[in-house]
Amino acid sequence: MAIKIGIFGLGRGHTFVKSILASGGEVVAICDRRPSAPVWVKDKFPEIADAAVYDNFDEFIKHDMDAVLLANYFNEHCDFAIKAMENGKHVLSECTSNVTMGDGVRLCRAVEKTGMTYALLENYPYFKENLEMERVFREGTLGKLVYAEGEYSHPMSMAEQNALAPGRRHWRNWTPRAYYLTHAIAPLMKMTDAMPTRVTAMASFAPEIAKGTALQTGDAACVIMCQTDTNAVLRVIGWAGYAPHGNWYKLCCTKGGMETNHSNNRMRLIYNDWCRPEGVENNVTEYDLSWPDEELGKIADTAGHGGGDFWVVYDFIKCLENKTEPYFNVYRATAMASVAILGWRSVLNGNTAYDIPDFRKEEDKLKYEKDFITCYPDENYHVNIPCCSNPYAPTEEDLASADEAWKNAEFLLQ
């Protein structure tokens with residue numbers, strides 16, 4: 001019997017419909033507060049024409065379904081995930097688990113109490129190059145991981161930023177550069193099975209990138225350094241606003257290393273000359289990439305984010321079918337969120353290093369269970385901490401420019 005899934009938040013959520021169906025799942029319910037959104041989605045995907053429609057999450061979550069895909073706003077996942085699990089639904093959540101430390105504790109306790117499956121919908125580990133790097137690293141020929149890099153750069157024009165952040169309180173306008181880091185760190189974790197244990201960070205202030213927008217940060221990047229439980233070091237840059245646009249990954253190990261060649265999108269595999277595996281003629285090899293499964297790869301090629309949107313959904317559905325644990329379970333998800341949150345505190349506190357809690361341990365939960373410090377504003381625009389490394393606020397001219405961009409615009413898909 002097909003796994004029955006409901007989608008909450010159709011702006012991003014509609015892009016997963018085909019991946020759910022191709023993975024053997026069934027979309028039985030959709031929920032969005034905008035009346036036009038379900039109509040638009042059903043018109044685009046006649047395969048789910050019979051799905052029930054809701055505009056209220058509390059009603060939606062009582063629908064007869066096995067799991068819910070959360071595709072609502074970045075900073076609002078935790079409460080909905082907990083409510084879903086308390087109503088007997090498994091959760092696939094995109095794309096950060098929590099934005100406060102206390103919510104990370106709450107989320108872990110909800111998983112432990114309900115026994116439901118929680119998975120982070122993080123798609124970048126499933127790019128061709130990242131799956132290949134994982135395959136080679138886990139074969140063992142590269143040796144021990146010493147250092148790795150993950151970088152996600154997404155500069156935006158004034159028009160794009162205003163289109164993607166429609167409203168002065170929209171989450172994109174208040175997100176520190178450190179927070180949106182799963183696209184950078186998750187692939188490294190999955191490749192190497194390393195867990196971050198300590199973090200320090202620093203930001204690069206370049207307010208000119210925010211001109212004409214409602215961005216509350218003038219930072220262009222946050223560089224995060226992590227120690228891991230394998231004694232390696234990770235350098236992670238998430239959601240950088242500098243050029244060029246793209247994502248890059250690199251593994252440096254005791255016997256060899258690998259990275260994507262930026263100039264031709266081929267894989268570069270390098271062994272120390274004295275450490276070449278038997279049968280390998282050259283210590284430097286470049287080659288084209290292929291999917292680990294050719295038939296599923298054809299489906300992935302039609303999905304978004306380099307095929308990652310398919311593979312992450314496919315893995316989740318197979319975990320539910322086989323009753324196995326997702327790789328990005330609640331503990332790995334909250335560890336990444338802790339790197340983001342505590343990395344940002346490092347920036348604000350003179351690059352102080354922080355230990356990353358392990359929320360499998362009750363003593364670590366107790367340390368952070370009442371920590372709800374946030375940079376996201378309430379209805380009165382109150383925040384606990386700034387989202388910029390230096391004093392910064394958009395000017396009246398910037399806000400007027402953003403207001404003008406939003407005027408008479410419909411943002412169905414945000």
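A donor atom on one side chain and an acceptor atom on the other are found under 3.5 Å apart for Ser389 and Asp219. One side chain, Asp398 or Thr395, offers a donor N or O that lies under 3.5 Å from an acceptor on the other. Remark: the Tyr147 side chain and the Glu149 side chain contain an N/O donor-acceptor pair separated by less than 3.5 Å. Side chain to side chain, Thr182 and Glu122 meet the donor-acceptor criterion of an N or O pair below 3.5 Å. For Thr100 and Asp103, the side-chain atoms include at least one donor-acceptor pair closer than 3.5 Å. Defined by atom type and a distance below 3.5 Å, a donor-acceptor pair is missing between the side-chain atoms of Tyr354 and Ser346.
Between Arg109 and Glu112, none of the side-chain N atoms (NZ, or NE/NH1/NH2) sits under 4.0 Å from a carboxylate O, so this pair counts as no salt bridge. Remark: Glu286 engages Arg268 in a salt bridge, criterion side-chain N to carboxylate O under 4.0 Å. Residues Arg135 and Glu132 are paired through a salt bridge, judged by an N-O separation under 4.0 Å between the basic side chain and the carboxylate. Residues Lys407 and Glu404 are paired through a salt bridge, judged by an N-O separation under 4.0 Å between the basic side chain and the carboxylate. We find that Lys367 and Asp364 are not joined by a salt bridge, their nearest charged nitrogen and carboxylate oxygen being 4.0 Å or further apart.
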### Message
Evaluate Gln227 against Val233 for side chain to side chain contact (heavy atoms under 4.5 Å, CB included), listing each step before the verdict.
### Response
CA-CA 5 Å; Gln227 192 81 52; Val233 174; 4.2 Å; yes
request  = Begin from the C-alpha positions of Glu208 and Lys211 and carry the test salt bridge (Lys or Arg N to Asp or Glu O under 4.0 Å) through to its verdict.
outcome  = CA-CA 5 Å; Glu208 56 269 29; Lys211 183 177 176 59; over 6 Å; no
Lys18 vs Thr302, side chain to side chain contact (heavy atoms under 4.5 Å, CB included): CA-CA, chis, key distance, verdict: CA-CA 9 Å; Lys18 288 187 176 180; Thr302 67; over 6 Å; no
Worksheet item: Is there a side chain to side chain contact (heavy atoms under 4.5 Å, CB included) between Lys323 and Thr117 once you walk through the steps?
Response: CA-CA 9 Å; Lys323 296 181 171 54; Thr117 296; over 6 Å; no
Quick one, Phe45 with Leu21, criterion side chain to side chain contact (heavy atoms under 4.5 Å, CB included). Give me CA distance, side-chain angles, the key distance, then yes/no. CA-CA 11 Å; Phe45 301 102; Leu21 300 178; over 6 Å; no
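Of the possible polar contacts, none joining the Arg12 side chain to the Asn72 backbone as a donor-acceptor pair under 3.5 Å is found. With hydrogens and angles ignored, the 3.5 Å screen pairs no side-chain donor or acceptor of Asn130 with any backbone N or O of Tyr126. Here the side chain of Ser23 pairs no donor or acceptor atom with the backbone of Val313 at under 3.5 angstrom. Remark: side-chain polar atoms of His170 are paired, donor with acceptor, to backbone N or O of Arg172 under 3.5 angstrom. Checking side-chain atoms of Asp32 against main-chain N and O of Leu10 turns up a donor-acceptor pair under 3.5 Å. Judged purely by atom type and a 3.5 angstrom limit, Trp174 has no side-chain atom pairing as donor or acceptor with the backbone of Gln216. In this structure, Trp311 contributes its side chain and Gly297 its backbone to no donor-acceptor pair below 3.5 Å. When atom types are taken as modelled, the side chain of Lys144 and the backbone of Thr230 share a donor-acceptor pair closer than 3.5 angstrom. Side chain of Thr114 to backbone of Glu86: no donor-acceptor contact under 3.5 angstrom is found.
One finds the CD1 atom of Ile3 at 9.5 Å from the CE atom of Met1 (value rounded to the nearest 0.5 Å). If you take CH2 on Trp239 and CE on Met156, they are separated by 5.5 Å, rounding to the nearest 0.5 Å. The distance from atom NZ of Lys365 to atom SG of Cys108, rounded to the nearest 0.5 Å, is 6.0 Å. Interatomic distance, Ile20 CD1 to Leu92 CG, rounded to the nearest 0.5 Å: 8.0 Å. Going from atom CD of Glu259 over to atom CD1 of Ile270 covers 6.0 Å, rounded to the nearest 0.5 Å. One distance of note links CE of Met267 with OG1 of Thr285; it measures 12.0 Å at 0.5 Å rounding.
Crowding of Glu397 atom CD: a count of heavy atoms from other residues, nucleotides or ligands under 6.0 Å not exceeding 12. The local environment of CD in Glu139 is crowded, with over 12 non-hydrogen atoms from other residues, nucleotides or ligands closer than 6.0 Å.
A cation-pi arrangement is absent between Lys89 and Phe60, since the terminal nitrogen or guanidinium carbon is not both under 6.0 Å from the aromatic centre and inside a 45° cone about the axis. Relative to the six-membered ring of Tyr73, Arg33 meets both conditions, a distance below 6.0 Å and an angle of at most 45° to the axis.
Sorted by first and then second residue, the salt bridge (Lys or Arg N to Asp or Glu O under 4.0 Å) pairs involving residues 332-348 (not counting sequence neighbours) are Asp193-Arg332, Arg345-Asp371. Annotation: side chain to side chain donor-acceptor pair (under 3.5 Å) contacts involving residues 249-258, sequence neighbours excluded, are absent.
Partner Met101 forms a side-chain contact (heavy atoms from CB on, under 4.5 Å) with one of Ile341, Ile373, Thr374, Thr334 and no other, that one being Ile341. Under the side-chain contact (heavy atoms from CB on, under 4.5 Å) test applied with Asp66, the options Glu26, Lys4, Glu321 reduce to a single match, Lys4.
Residue Cys226 comes nearest to Ile224 through the heavy atom pair SG-CG2, 4.0 Å, listed as atom of the first residue, atom of the second, then distance.
Taking the six-membered ring where the residue is Trp, His183 and Tyr180 present tilted rings, their angle falling between 30° and 60°.
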